[in-house]
Amino acid sequence: MVSHSEPPKEDLAAVALENKIEEANAIINGTSDVPKVQELDASKLVVTLADPNARQVPDEATANAGAETICTDHMVTVPWNIESGWGVPELKPYGPISLMPTASVLHYATECFEGLKVFRGFDGKLRLFRPNLNAKRLLMSTLRISLPGFDPVEVEKLIAKLVAVDGAKWLPKTRPGSFLYIRPAVIGTQPQLGVQAPKEALLFITASFMPRMDSPAGGMRLHTNPEDMVRAWVGGFGYAKVGANYGPSLLATNEAKARGFHQILWLYGPEAYCTEAGASNFFIVWRAKESEGGKLQLLTAPLDDKLILDGVTRRSVIELAKARLAGEVEVVERRYTIDEVIEADKEGRIVEAFAAGTAFFIAPVSQIHHRGTDVHIPLGENDSGAYTAKIKSWMKDIMYGNEQHEWGLVINEEDEATAGQKRKREQDDEAKRE
């Protein structure tokens, strides 16, 4: 009699991703056995400056009024191919990129991106907010969909160079309290049909205007997702910032908006666990049941099942709350269901709620609609809960320089602009000699 034992269970995607990350780190550290190819190197950046008078900077309202995102004068591009590695980074005038109709990204969703902001502080300085975290997450996302790895520090340098060059014009010191949105992206560009890891790719970075979405009148209203639709699932890629996470969510989102709501509160599983609000992380402040201690809690979904995005804003909210609200509010990361939220509402234990992300920043939530039941969440002054407003104020102070903090990376725009002008003169002189 032959006995058959089950093979050991293995999470192939997780193991593959861990191997990719280890391989990328080994290449960065110079300990890899993989044949040497060119690594991403921001020091090799070639700068071609746009005509500074060719485009005028619109005011914020005008820039966000149309159907097209208004970008700054320049962008960064870096090509990659499997044979030689990363090419020469270029900072050049903003414009179209060229792709063949058979490019991998157009058929197989080999695309990922990041989102962060650069701020014009009330002290006149330009700051990025924790860009190292965005760069590291971009690496994780690229490896998840078999795009090339890189040293995140080099991406951070390229982001800093772009905003250093465009900051003075597009975020002038006469507009303190304003920001631009930074979009790094990596796409598969190999022009060959077939389900395969791309052998060619492109990293590009743009800077643009973006509407302020953190103060919706009357608070953000959420509608739970339809029972036959989920945004992400355990074992999937909800934790990576890939385009495939977003397109399929638009059908339910548009229907919710048609019903007068702002976003979907995405639930997961037969238990209907609360996960994310639209593409943002979701937080609720409530008082635990008396049988559970009755503590005031700041509650959000956990990261351990890789169902939701490890948001930079989310992480910052948690770290600030733990440091500055210790003894007053308990920070809790755990699974919780929509039924728990409805029960807490009936018992009068909900204090406030908010969504947190780069685009929406910290937006107060005033309503959740679920299968015919409405949860109305209290709002205080200025359509915001007290803790929501307090955490939001702390973060804004760091972003805009009212508080000097290690999370705010100051950009030396003057030196960078001068260096860019010098390179432009050198290029012009070289062209004349030829």
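Side-chain atoms of Thr337 and Asp339 form no donor-acceptor pair, as typed in the model, at a separation below 3.5 Å. Tyr239 and Arg144 are linked by a side-chain donor-acceptor pair at a separation below 3.5 angstrom, with hydrogens and angles left out of the test. Checked by atom type, the side-chain pair Tyr108/Gln190 shows no donor-acceptor distance below 3.5 Å. Side-chain contact annotation: Thr110 with Ser104, donor-acceptor N/O pair under 3.5 Å present.
Ionic pairing of Lys125 and Glu413 is not present here: no N-O contact between side-chain nitrogen and carboxylate oxygen is shorter than 4.0 angstrom. Between Asp123 and Arg127 there is a salt bridge, since a side-chain N of the basic residue sits under 4.0 Å from a carboxylate O of the acidic one. Under 4.0 Å is where a charged nitrogen must lie from a carboxylate oxygen, and between Glu114 and Lys241 no such pair does. Between Arg371 and Glu227 there is a salt bridge, since at least one side-chain N of the basic residue sits less than 4.0 Å from a carboxylate O of the acidic one. Using a 4.0 Å cut-off between charged side-chain N and carboxylate O, Arg334 and Glu340 make a salt bridge. Of the charged side-chain nitrogens involved, at least one lies within less than 4.0 Å of a carboxylate oxygen, so that Asp214 and Lys392 count as a salt-bridged pair. One finds a salt bridge joining Asp305 and Arg335 here, because a Lys/Arg side-chain nitrogen approaches an Asp/Glu carboxylate oxygen to under 4.0 Å. Remark: Arg130 engages Glu319 in a salt bridge, criterion side-chain N to carboxylate O under 4.0 Å.
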*Would Asp310 and Arg315 count as a side-chain contact (heavy atoms from CB on, under 4.5 Å) if you check the C-alpha gap in whole Å, the side-chain angles of each, and the deciding distance to 0.1 Å?*
CA-CA 7 Å; Asp310 181 8; Arg315 183 185 297 201; 2.7 Å; yes
*Mind running ring pair (Phe, Tyr, Trp, His ring centres under 6.0 Å) on Tyr268 and Tyr273 for me, showing each step along the way?*
CA-CA 5 Å; Tyr268 179 72; Tyr273 292 116; 7.4 Å; no
_Check against side-chain hydrogen bond (donor to acceptor under 3.5 Å, both in side chains), Trp286 and Gln297_ = CA-CA 5 Å; Trp286 68 11; Gln297 296 179 336; 3.1 Å; yes
_Set out, in order, the CA-CA distance, both residues' side-chain angles and the distance that settles side-chain contact (heavy atoms from CB on, under 4.5 Å) for Val78 and Leu158, then state yes or no._
CA-CA 10 Å; Val78 196; Leu158 292 173; 4.0 Å; yes
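A cation-pi geometry, defined here as NZ or CZ lying under 6.0 Å from the six-membered ring centre and within 45° of its normal, holds between Lys117 and Phe179.
Note on ring orientation: taking the six-membered ring where Trp is involved, the planes of His405 and Trp407 are tilted (angle from 30° to 60°). Classified by interplanar angle (parallel below 30°, tilted 30° to 60°, perpendicular above 60°), the ring pair His223/Phe261 is perpendicular.
The OG1 atom of Thr142 sits 11.5 Å away from atom CD of Glu111, with the distance rounded to the nearest 0.5 Å. Ser141 OG to Asn245 CG: the interatomic distance, rounded to the nearest 0.5 Å, is 8.5 Å.
Within 6.0 Å of CG on Asn382 lie no more than 12 heavy atoms contributed by other residues, nucleotides or ligands. The neighbour count for Gln404 CD, taken as heavy atoms of other residues, nucleotides or ligands under 6.0 Å away, is above 12. Around atom NZ of Lys396, no more than 12 heavy atoms belonging to other residues, nucleotides or ligands sit under 6.0 Å away. Counting heavy atoms of neighbouring residues, nucleotides and ligands inside a 6.0 Å radius, atom CE of Met229 exceeds 12 of them.
Using a 4.5 Å heavy-atom cutoff, the side chains of Val365 and Phe282 are in contact.
Between the side chain of Asp383 and the backbone N or O of Ser215 there is no donor-acceptor pair closer than 3.5 Å. Under a 3.5 Å cut-off, the side chain of Asn281 and the backbone N or O of Leu309 do form a donor-acceptor pair. For Thr275 (side chain) and Trp266 (main-chain N/O), a donor-acceptor pair under 3.5 Å exists by modelled atom type.
The one candidate from Val47, Val76, Asp73, Thr77 that meets the side-chain contact (heavy atoms from CB on, under 4.5 Å) condition with Lys92 is Thr77. Of the candidates Phe129, Trp394, Phe122, Tyr400 forms a ring pair (Phe, Tyr, Trp, His ring centres under 6.0 Å) with just one, namely Phe122.
If you look at Phe113 and Tyr246, their ring centroids are closer than 6.0 Å. Between Phe283 and Phe354, the distance separating the two ring centers is shorter than 6.0 angstrom.
Residue pairs satisfying the salt bridge (Lys or Arg N to Asp or Glu O under 4.0 Å) criterion with at least one member in residues 342-364, sequence neighbours excluded, are listed as follows: Lys289-Glu343, Glu347-Arg349.
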